[in-house]
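Computation of the quantities below employed the complete heavy-atom set of this structure, encompassing side-chain atoms and omitting hydrogens, waters and symmetry-equivalent molecules.
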2 protein chains.
Amino acid sequence: MPKFVSEFPIFSVTVDLVVLTIRDGVFSVLVIRRGEKPYAGRLALPGGFTQEREDIEDAAYRELKEEAGIGKGDVHLEQLQTFGAPRRDPRSRVVSVAWLALGADLPDPVAGSDAAAAEFRPVDEVLGSASPLAFDHADILSVGVERARSKLEYTGAAANYCPPEFTVGELRSVYEAVWGVELDPANFHRKVTRAEGFLSETGENTTRGGGRPAKLFRGSPRARLNPPILRD
Amino acid sequence: MPKFVSEFPIFSVTVDLVVLTIRDGVFSVLVIRRGEKPYAGRLALPGGFTQEREDIEDAAYRELKEEAGIGKGDVHLEQLQTFGAPRRDPRSRVVSVAWLALGADLPDPVAGSDAAAAEFRPVDEVLGSASPLAFDHADILSVGVERARSKLEYTGAAANYCPPEFTVGELRSVYEAVWGVELDPANFHRKVTRAEGFLSETGENTTRGGGRPAKLFRGSPRARLNPPILRD
DNA sequence: CCAAAAGTGTTGTGGGTACACCCATGA
DNA sequence: TCATGGGTGTACCCACAACACTTTTGG
């Protein structure tokens with residue numbers, strides 16, 4: 001076992017991941033079942049230790065790969081918040097940098113060894129669960145979900161939950177799943193197609209889903225949506 | 001010198017502070033002149049090491065007191081972002097949690113010994129300076145300033161730059177200083193006085209500033225401003 | 001009196017909501 | 001033919017920008 005020595009107080013820095021996607025129309029989060037103490041058997045967010053010479057963002061991507069088989073191009077990743085209460089991990093002083101990852105219908109994580117215990121669960125079920133998440137992960141998840149919801153108001157983040165090309169109806173269903181509301185299809189259509197720089201037509205059509213063929217669009221996940229779509 | 005030993009990679013965790021206020025109508029940030037290497041003589045954001053059993057938020061408040069003589073009640077403090085590139089501090093592996101502190105016209109920090117080198121400078125001057133900030137502090141400041149600006153759109157954060165009771169005109173001058181724009185006094189007045197739960201009248205009047213006496217209001221810095229005041 | 005800032009009125013414009021209606025496909 | 005979702009039109013309402021105008025103080 002390696003030994004590290006320091007003249008300053010010793011911290012470990014971990015990354016924890018709030019991985020959100022939409023599975024069968026349900027807003028869902030990736031959780032793992034813990035095998036070890038503390039909190040053995042409880043659900044938790046995926047995550048792990050940052051390495052000695054590793055950028056914290058790289059650590060987040062690495063854990064995403066190791067624990068869920070998700071690659072860099074599969075998700076949008078952004079920093080969420082850092083949690084550093086002295087006793088948040090009973091073993092030692094651990095400061096955790098939480099990250100938010102948004103992706104289109106992600107594969108069932110069965111690949112790696114670590115990933116065996118990982119699965120997507122509905123956000124509402126996990127937050128309202130009788131068996132709460134380990135550590136302060138419920139707090140982290142709450143922050144992540146609120147951030148994900150508010151990003152839909154002012155940005156093109158909804159496109160992160162869609163395949164590269166999608167219809168306006170598919171985009172609307174993202175809003176409906178994430179916010180848990182119903183939106184008027186006609187007004188939503190006008191709103192997003194008129195917002196400058198938000199959607200770009202591919203010229204293709206699709207008929208998946210039945211009904212009249214819909215135009216396919218590409219999104220700009222980083223675009224600012226002006227005027228915003230407010231939740232109230 | 002104390003020695004700490006660990007079996008995991010060793011990190012130090014610091015806090016860095018973006019302290020913003022408005023001085024004589026100018027949007028300003030608190031900076032210190034570094035006395036030691038590295039970056040000796042350069043300007044930097046105030047900050048310091050988190051202690052062994054200290055919550056990171058408490059560390060931010062402590063540094064605020066030590067380096068600028070600013071107490072807990074004097075500012076609104078919120079977490080900004082964490083900076084953890086491997087080489088951001090040439091001495092060792094340091095992860096810094098940056099915080100945003102917003103306050104009404106804050107005292108010139110001359111109190112403590114550490115605070116001797118601290119002073120407020122115009123944000124534009126510091127960001128555009130020929131002598132850039134130490135470490136990655138220019139990045140941190142940019143993130144802080146952008147957050148501060150965008151918070152004015154959707155929240156009552158502007159009240160943080162005002163005394164407990166203030167006039168609508170004073171509030172408007174906050175927006176003008178932070179955004180660097182001019183706003184129509186009449187429309188601004190209607191907008192903020194009509195927003196539900198945003199301002200509450202004290203019943204008092206004031207004549208500071210000349211002209212017709214203005215009503216005094218109290219703000220709700222945490223209130224959500226709906227509809228928002230957009231910058232464009 | 002004038003200057004200065006507070007606050008109100010008014011009008012045109014643009015976006016939102018609600019909902020009627022038509023379009024293009026599969027079954 | 002019908003059902004299904006895509007997409008457009010329209011009417012009402014509210015918010016906002018622009019700017020004229022009145023109010024209340026100090027000098």
Side-chain angles (χ1 to χ4, degrees), chain A residues 24-25 152-154 158 162-163 165-177 179 181-219 224-232, chain B residues 24-25 152-154 158 162-163 165-177 179 181-219 224-232:
Chain A
D24 305 321
L152 296 196
E153 294 187 296
Y154 307 109
C162 294
E165 301 189 352
F166 53 86
T167 68
V168 172
E170 290 165 349
L171 191 69
R172 177 167 47 82
S173 72
V174 167
Y175 278 83
E176 295 178 333
W179 287 352
V181 299
E182 290 208 345
L183 300 175
D184 183 303
N187 294 330
F188 183 86
H189 185 277
R190 254 191 302 263
K191 177 116 195 178
V192 297
T193 52
R194 292 204 182 152
E196 203 70 26
F198 186 59
L199 293 179
S200 55
E201 274 188 64
T202 65
E204 304 290 311
N205 282 12
T206 183
T207 61
R208 58 172 179 258
R212 171 175 166 181
K215 291 180 184 171
L216 283 172
F217 295 87
R218 271 181 229 284
R224 200 169 158 84
L225 179 55
N226 199 341
I229 307 178
L230 294 175
R231 279 178 288 178
D232 294 303
Chain B
D24 304 320
L152 296 196
E153 294 187 300
Y154 308 109
C162 296
E165 301 189 352
F166 52 87
T167 68
V168 172
E170 289 165 350
L171 191 70
R172 178 169 46 82
S173 71
V174 167
Y175 278 82
E176 294 179 332
W179 286 352
V181 299
E182 289 208 345
L183 300 175
D184 183 304
N187 294 330
F188 183 86
H189 185 276
R190 254 189 302 263
K191 177 117 195 177
V192 298
T193 51
R194 293 206 179 148
E196 202 72 25
F198 186 59
L199 293 179
S200 55
E201 273 188 63
T202 65
E204 304 290 311
N205 281 12
T206 182
T207 62
R208 60 173 177 254
R212 172 175 165 181
K215 291 180 184 171
L216 282 171
F217 295 86
R218 271 181 230 284
R224 200 170 157 81
L225 179 55
N226 199 340
I229 307 179
L230 294 176
R231 279 177 287 176
D232 295 302

Mind calculating the distance between NZ (B/K191) and C1' (C/dT8) to the nearest angstrom?
18 Å
Option from A/T193, A/V192, A/N226 for which side chain to side chain contact (heavy atoms under 4.5 Å, CB included) with A/F198 holds:
A/V192
I'd like to know if B/R190 reaches the base of C/dG9 with its side chain, counting only an N/O donor and acceptor under 3.5 Å.
yes
Between C1' of C/dA5 and CG of B/L183, the distance in whole Å:
16 Å
Backbone N or O of A/A158 within a donor-acceptor pair of the A/Y175 side chain at under 3.5 Å?
no
Test item: A/E201 side-chain N/O and A/K215 main-chain N/O as donor-acceptor pair under 3.5 Å:
no
B/E182 CD to D/dA18 P, in whole Å, measures 12 Å
For B/R194 and D/dA17, give me the distance from atom CZ to atom P, rounded to whole Å.
13 Å
Roughly, in whole Å, what's the span from CG in B/L216 to C1' in C/dA5?
14 Å
C/dA6 OP1/OP2 closer than 4.0 Å to side-chain N/O of B/H189:
no
Base of C/dA6 paired with side chain of B/R212 (donor-acceptor, under 3.5 Å):
yes
Nearest to the A/P213 side chain among C/dT25, C/dT8, D/dG5, which nucleotide is it?
C/dT25
Return the nearest nucleotide to the side chain of A/A214; candidates are C/dT17, C/dA6, D/dG7.
D/dG7
Toward the 5' end of DNA chain C, which comes first, B/A186 or A/D184, by nearest nucleotide?
B/A186
Shortest side-chain distance from A/R172, nucleotide among C/dC19, D/dG6, D/dC19
D/dG6
Where is the tightest heavy-atom contact between A/L199 and A/G219, given as atom of each residue plus distance?
CD2-CA, 4.2 Å
Can you measure B/N187 atom CG to D/dA17 atom C1' for me and round it to whole angstrom units?
6 Å
Could you state the CG-P distance from A/L199 to D/dG7, rounded to the nearest angstrom?
11 Å
Side chain of B/V168 (C-beta onward), nearest among C/dC19, C/dG9, C/dG7
C/dG7
When rounded to the nearest 0.5 angstrom, what is the spacing between CD1 in A/I229 and OH in A/Y154?
11.0 Å
A/E196 CD to C/dG15 P, in whole Å, measures 11 Å
Would you classify A/P185 as touching base, sugar-phosphate or nothing, given that sugar-phosphate means primed atoms plus P, OP1 and OP2, and contacts are heavy atoms under 4.0 Å?
nothing
Comparing nearest nucleotides in DNA chain D, the 5'-proximal residue of the pair B/N205, B/L230 is B/L230
